[in-house]
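First comes the structure, then the notes that go with it.
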Amino acid sequence: MPLSSDRIAPAVPQGPWALFLDIDGTLLEHAAHPDAVVVGDELRSLLAGLDAQLDGALAFVTGRSIAAADHLFRPLKLRAAGLYGLEHRLTRDGPVEAAGEPADIAALATEIATELDSADIYIERKGPILAIHTRAAPHLLERATELVQRALAGLPEGYRVLAGNAGVELMPLEAAKGAAIRRFMQTPAFRGRRPVFLGDDTSDENGFEAVNEMDGVAVRIRPRGPTAAPYALADVNETLAWLDGLTRAGGQVLAGEQTSPERS
Ligand SMILES: [Mg+2]
């Protein structure tokens, strides 16, 4: 679906609804290195407030590991799908269900680091996912993508390459945000609600499609190309202001006391 200029920020949806949030580029501005981003108290309390108002129907859906998300937002712990859905924590204090790590990813990481030979490239191993971050060296994104495509040929079937705004990742096929959202929607805190998903990158498109199919609200932050999301928000600041508006709209809307079948 081509991007049109008339996409607008979504109106506050009539509840009951559930909120799924990507982290990087959605709630937090990107940094050259993923460990360089910082979470302020304001964001922490905004999320804690939304989680309480939604009775726990809120989850991160991120490419980070859940451990990395917990570290970033400490001491706040939320429900989360990490590594694009390869990890889940379905309840706030429950265990993290994690995927295994094939041994060959470590060797691939070393091989690709040697080939790219740049201190501005950050190569991250996240369980069975290999992420090449090129935000600090955008001119190397194309070369990095070629190397990852080549590596794909040497892996067992069931892997794919996903190129994003500032990097390229090699990941198992089952790492998909849409599947993670569907899984949460079957759990008690989420069941019967309308999903709202906010994301900013290629890896979020699969989540947008799933949410569209569930008659939910898909919102792409800073859209630059084709997207399945019918709604847009300009940047992180606008996203945080929109979320803040939801908390101000209050428990009635969030809890669904004003239910309406109309899509606004
Ligand atoms: Mg993102």
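Below, each value reflects all heavy atoms present in this structure, side chains not excepted, and no hydrogens, waters or symmetry copies. In each ligand, atom 1 is the first atom listed, and ligand 1 is the first ligand listed. Just so you know, these numbers come straight off a predicted model, no measurement behind them.
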task: Could you go through the side-chain hydrogen bond (donor to acceptor under 3.5 Å, both in side chains) check for Thr227 and Glu205 one step at a time?
output: CA-CA 7 Å; Thr227 175; Glu205 289 296 328; 2.7 Å; yes
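- Put simply, Asp24 gets within reach of the Mg ion (ligand 1), with an N, O or S atom under 2.8 Å from it.
- Salt-bridge formation is detected for the pair Glu29/Arg222: a Lys NZ or Arg NE/NH1/NH2 atom is positioned less than 4.0 Å from an Asp or Glu carboxylate oxygen.
- Here the side chains of Trp242 and Leu198 are in contact, with some heavy-atom distance below 4.5 Å.
- Among the atoms of Asp22, an N, O or S atom is found under 2.8 Å from the Mg ion (ligand 1).
- Counting just the N/O/S atoms of Asp200, the one with the shortest distance to the Mg ion (ligand 1) is named OD1.
- Phe190 and Phe20 have their aromatic ring centers within a separation under 6.0 angstrom.
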